Amino acid sequence: MADVTNLRSPAEAGLSKLFESARKGFASEQAISREEAFRFFEATGLPSRRVEAFKYTDLRAAITEAAPPAEAPSEDAARAAVAGATGFNGVEAVRLTFVNGHLVAALSDLDRVPEGVTVTPLNEAMGKGDARLKLLAPVEQVRENPIYQLNTAFLADGALISVVPGAKPATPLHLRFVGMGEAAFSTATRVLVDIGAGAEFFLLESHEGPSGLTYQPNDALDVHIGAEAAFRHTRLNREGDAAIALSTLSVRLDARAQLETVNLVTGAKLSRHQIYLHVAGEDANAVVNGATLLGHGQLADSTLLADHAATGGVGREMFKTVIDGDSTGVFQGKIIVRQVAQQTDGKMKSDCLLLTDDGQMMNKPELEIFADDVACGHGATCGAPDEDLLFYLMARGLPRATAESLLVQAFVGEAVETVTHEGARDALIGGIEAWLAARG
Amino acid sequence: MPAVQETIDRVRSIDLDQYKYGFETVIEMEKSEKGLSEDVVRFISAKKNEPEWMLEWRLDAYKRWLTMKEPEWARVEYDRVDYNNIYYYAAPKRKGPESLDEIDPEILKTYEKLGIPLREVEVLEGIAPERRVAVDAVFDSVSVATTFKKELEKAGVIFMPISEAIREYPDLVKKYLGSVVPVTDNFFATLNSAVFSDGSFVYIPPGVRCPMELSTYFRINERDTGQFERTLIIADKGSYVSYLEGCTAPKRDDNQLHAAVVELVALEDAEIKYSTVQNWYPGDNEGKGGIYNFVTKRGDCRGARSKISWTQVETGSAITWKYPSCILRGDDSRGEFYSIAVSNGMQQVDSGTKMIHLGKNTTSRIISKGISAGRSQNTYRGLVSAHKKAKGARNFTNCDSLLIGDQCGAHTVPYIESKNASAVFEHEATTSKISEDQKFYCQQRGLSEEEATALIVNGFVRDVLQQLPMEFAVEAQKLISISLEGSVG
């Protein structure tokens with residue numbers, strides 16, 4: 001009979017080895033309990049198709065090797081890598097630059113942080129056992145997630161951002177993640193954002209990396225939005241074409257808090273962006289959008305869980321996926337409305353445009369409702385561009401390719417036009433145009 | 001203010017269980033030994049005078065079943081069934097009635113009480129209904145009567161208990177049995193394959209439009225038994241059949257298992273319409289007793305332009321685990337699923353459908369209405385998938401849930417998998433409660449709160465009720481008001 005260790009994949013065994021050897025170098029253990037996280041991960045392993053939440057994204061099959069955690073790069077190497085990065089370049093912002101998952105102070109505007117905002121490098125916060133670290137995993141369900149737990153176990157760097165109550169800095173903060181190197185590596189970063197009551201905070205996040213290199217970033221963003229505060233977040237995934245990019249956003253919303261998060265995915269061979277919302281206070285409002293444009297054998301998974309545990313919450317989730325070539329889009333969304341969460345208004349929508357016959361789209365929009373006075377709905381559609389619309393445009397003299405591009409732009413545009421910050425919105429639209437131009 | 005008599009009466013009537021089919025028929029029964037073993041499988045096969053191949057088929061299923069695990073993915077919680085503590089075969093002792101007069105009068109009375117006409121003459125006399133219905137009545141493990149057999153024979157239609165068909169038409173049965181739901185399909189289907197006792201067999205020859213509705217009425221009567229019926233319907237090229245299924249069981253404090261398998265095969269240009277009004281005993285208000293309804297139903301649109309339509313009204317059962325599905329294999333074939341699932345008390349429903357598009361230009365439509373009241377949980381779980389070769393596949397899904405009261409839950413778990421660009425899938429789902437405005441509007445016009453609720457609910461489920469044959473639509477409407485009674489407020 002095969003014993004248990006034989007059933008583990010080489011990547012899983014490799015991760016155990018890496019954890020053993022990295023253990024000594026880790027900073028303070030108290031605040032983030034890596035051991036517990038890794039034990040959890042070891043028990044579940046890399047999730048395969050047999051795990052319902054990973055039915056369409058088989059990480060066990062995709063991750064064949066455990067890539068070693070990346071070392072902090074030299075300043076020169078980091079500078080060279082960042083020179084090629086373009087994400088949100090045109091947007092005036094205070095930047096925090098991470099190269100291979102390590103904060104590079106020399107390339108960051110740590111001295112330009114706006115008033116009312118404090119940024120503490122995560123290493124420093126962990127070393128001091130910063131009390132704010134208790135914000136880790138603000139949503140209960142995220143603790144059951146193997147990707148998040150793997151991030152906790154290998155956590156290398158990140159930042160702790162606090163916004164004092166009532167502060168409304170005009171300049172957004174930009175988390176710029178850049179990957180570089182010749183050999184496969186992995187990263188694990190965590191950014192914690194604590195927004196005081198009544199404050200308003202813009203955060204931009206871009207992820208870029210080299211093509212042809214199988215690197216594995218695993219990023220987590222934990223956010224607490226205080227009462228009547230607003231958090232607006234725009235994310236750009238432009239990872240290299242061989243990357244396996246995993247990311248988790250978990251947000252706790254207090255009373256009348258507002259969330260706006262939009263994620264544009266054009267990069268990575270395989271990406272999975274997980275969003276966990278915990279609506280803890282009444283009358284909170286969440287807008288969660290995603291725009292995904294795929295080609296060349298890519299797979300992008302958007303997984304969302306919105307847990308309404310307070311009355312009067314409003315949720316608007318819209319995901320748009322465009323599939324070209326033999327790529328695969330995945331959307332899994334779940335709205336939970338607890339018994340206390342009366343008068344919740346939740347709408348979730350996932351639309352997909354299939355541009356070729358080789359692509360595929362997997363949709364799983366779920367509702368779990370325990371309160372009777374609610375209005376919740378979800379919709380999912382999937383199909384090719386409307387021939388009538390194409391004809392209409394072509395009859396006006398546009399070549400077919402241009403007509404199709406226009407339709408794609410209009411289709412995806414709906415998901416990004418809600419972005420409040422003009423510069424961020426333009427950057428996303430630019431990203432979509434660049435994808436269409438590259439498609440030719 | 002003290003409660004007025006009317007209020008007290010109303011509360012009493014709510015407390016008393018509304019299930020009106022809960023009576024028991026006392027007759028002498030013959031049973032297999034308790035529990036499941038190879039001997040019991042052999043016993044059932046011998047009782048049915050089955051040929052050797054059928055016994056082998058059953059034994060093979062039994063062996064497979066021993067290695068399988070009960071599925072746990074459904075959103076239902078229940079005390080697991082002790083598979084060794086039930087009787088797998090129970091039949092009235094009086095042997096093989098040749099005519100209705102020989103049937104145990106107690107059984108006849110039972111069906112009379114249930115409103116099922118077993119005497120053809122009764123159907124013909126009186127206010128002759130426009131449509132006649134041929135009935136196969138299954139009482140625990142055996143079929144006790146099949147009406148209009150001769151008339152159907154004239155049209156070439158075979159409608160008989162499956163146990164008879166195995167003996168009389170072995171080639172047909174051999175060819176199609178297990179071809180839609182394979183023996184190893186799932187835990188309950190495999191169990192059924194090993195121990196199924198009776199059910200209906202229908203064969204409609206090419207080009208024949210079945211002259212009347214066919215119907216099977218299932219009744220569980222005996223204590224500690226499970227019912228494992230098996231239905232196989234084959235519509236040959238260009239034929240049409242409408243089939244109705246109804247079911248009830250006595251009120252008991254313990255749970256009883258019903259694990260059926262239904263297989264439909266539609267060949268070229270054929271159409272099968274399968275309607276179910278499921279009204280098994282749902283248990284009392286505290287969740288005591290009731291039927292576990294673990295059913296595998298699947299239709300195979302094997303030929304081009306074939307059509308299978310499932311319509312179900314689910315009001316009974318303590319636990320429902322049921323996903324009538326369509327495999328759309330033939331080009332231009334069509335699958336439909338219309339469902340109303342009403343749950344009240346402590347009922348748990350996990351039901352839905354699968355539409356698997358394999359052929360070109362296949363279309364499917366899903367309309368599902370879930371109504372939860374009391375402390376019940378109602379889940380829609382469904383899959384729509386288009387294979388790479390299913391060019392031009394189309395699906396429209398609409399699943400709505402209505403919640404009555406704040407102690408219940410409504411859930412939707414759809415899977416939508418599209419593997420080619422020309423497939424067009426649309427899915428929408430909503431959950432809401434009955435609007436106070438609508439209720440106020442109705443009450444202002446003199447309806448009581450309960451009547452207003454019933455009216456609104458009937459409007460909510462109208463899409464599905466319209467699909468039911470007339471006789472069933474009326475019954476279904478009544479059923480919905482019964483299961484919702486007491487849920488207001």
Side-chain angles (χ1 to χ4, degrees), chain A residues 50 52 55-56 321-326 328-387, chain B residues 72-73 75 370-375 377-436 487:
Chain A
R50 291 174 176 274
E52 179 64 23
K55 189 175 160 63
Y56 301 118
T321 310
V322 178
I323 303 283
D324 196 9
D326 57 348
T328 303
V330 178
F331 171 75
Q332 305 184 97
K334 186 174 192 175
I335 300 178
I336 303 174
V337 180
R338 304 206 177 261
Q339 206 188 323
V340 291
Q342 298 291 353
Q343 276 118 39
T344 291
D345 176 0
K347 299 235 163 14
M348 180 165 67
K349 197 164 159 50
S350 166
D351 296 325
C352 172
L353 259 191
L354 285 164
L355 299 181
T356 62
D357 266 351
D358 297 327
Q360 45 186 357
M361 179 71 199
M362 309 296 178
N363 264 318
K364 190 184 162 199
E366 270 182 81
L367 292 175
E368 205 175 298
I369 316 283
F370 295 97
D372 64 339
D373 188 6
V374 298
C376 281
H378 64 219
T381 63
C382 195
D386 191 327
E387 281 297 329
Chain B
E72 284 173 353
W73 44 260
R75 204 195 162 84
I371 302 169
S372 333
R375 282 172 289 162
Q377 299 294 333
N378 202 326
T379 305
Y380 167 83
R381 188 184 301 276
L383 166 76
V384 178
S385 82
H387 191 262
K388 242 182 177 36
K389 288 181 182 156
K391 303 277 181 222
R394 269 205 86 112
N395 165 266
F396 174 76
T397 302
N398 176 327
C399 41
D400 295 338
S401 310
L402 196 62
L403 289 157
I404 300 175
D406 59 2
Q407 302 288 312
C408 48
H411 319 293
T412 321
V413 192
Y415 296 78
I416 305 139
E417 305 180 358
S418 175
K419 294 184 180 166
N420 80 71
S422 56
V424 177
F425 287 173
E426 291 162 89
H427 176 102
E428 58 182 50
T430 59
T431 304
S432 59
K433 81 168 195 170
I434 293 179
S435 131
E436 288 300 326
S487 60

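Labels below follow one simple rule: chain letters A, B, ... track the order of the sequence lines, proteins then strands, and each chain is numbered from 1. For clarity, every value in this text was computed on a predicted model and none was experimentally measured.
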Begin with the C-alpha distance, continue with both residues' side-chain angles, and end with the deciding distance and a verdict on side-chain contact (heavy atoms from CB on, under 4.5 Å) for B/D406 and A/Q339. CA-CA 7 Å; B/D406 59 2; A/Q339 206 188 323; 4.2 Å; yes
Could you check whether any side-chain N or O of A/D372 sits under 3.5 Å from a backbone N or O of B/L403, counting only pairs where one atom can act as donor and the other as acceptor? no
Segment of [X] engaging chain B (4.5 angstrom heavy-atom cut-off):
X: A/A371; value: backbone
X: A/F331; value: neither
X: A/K347; value: neither
X: A/Q342; value: side chain

Among [options], single out the residue with the greatest number of heavy-atom pairs under 4.5 Å to chain A.
options: B/T412, B/T379, B/N378; result: B/T412
options: B/E426, B/K419, B/E428; result: B/K419
options: B/S401, B/C408, B/P414; result: B/P414

Among side-chain atoms of A/D358 and A/T356, is any donor-acceptor pair under 3.5 angstrom? no
What pair of heavy atoms forms the shortest contact from [X] to [Y], and how long is it?
X: B/G409; Y: B/Q377; value: CA-OE1, 3.3 Å
X: A/D357; Y: B/A421; value: OD1-N, 3.1 Å
X: A/Q360; Y: A/L354; value: N-CD2, 4.0 Å

Looking at chain B, which one of [options] has the largest number of heavy-atom pairs inside 4.5 Å, strictly under?
options: A/E368, A/M348, A/M362; value: A/E368
options: A/G359, A/C352, A/G329, A/C376; value: A/C376
options: A/G379, A/A384, A/A380, A/G377; value: A/A380

Which members of residues 385-399 of chain B, sorted by number, sit under 4.5 angstrom from chain A on a heavy-atom basis? B/K388, B/K391
Once you round to the nearest 0.5 Å, how far does CG of A/L355 lie from CG of A/L353? 6.0 Å
Does any non-hydrogen side-chain atom of [Y] lie less than 4.5 Å from one of [X]?
X: A/I335; Y: A/H378; result: no
X: A/K55; Y: B/Y415; result: yes
X: B/H427; Y: A/N363; result: no

Audit row: B/R381, B/W73, side-chain contact (heavy atoms from CB on, under 4.5 Å) steps and yes/no: CA-CA 11 Å; B/R381 188 184 301 276; B/W73 44 260; 3.7 Å; yes
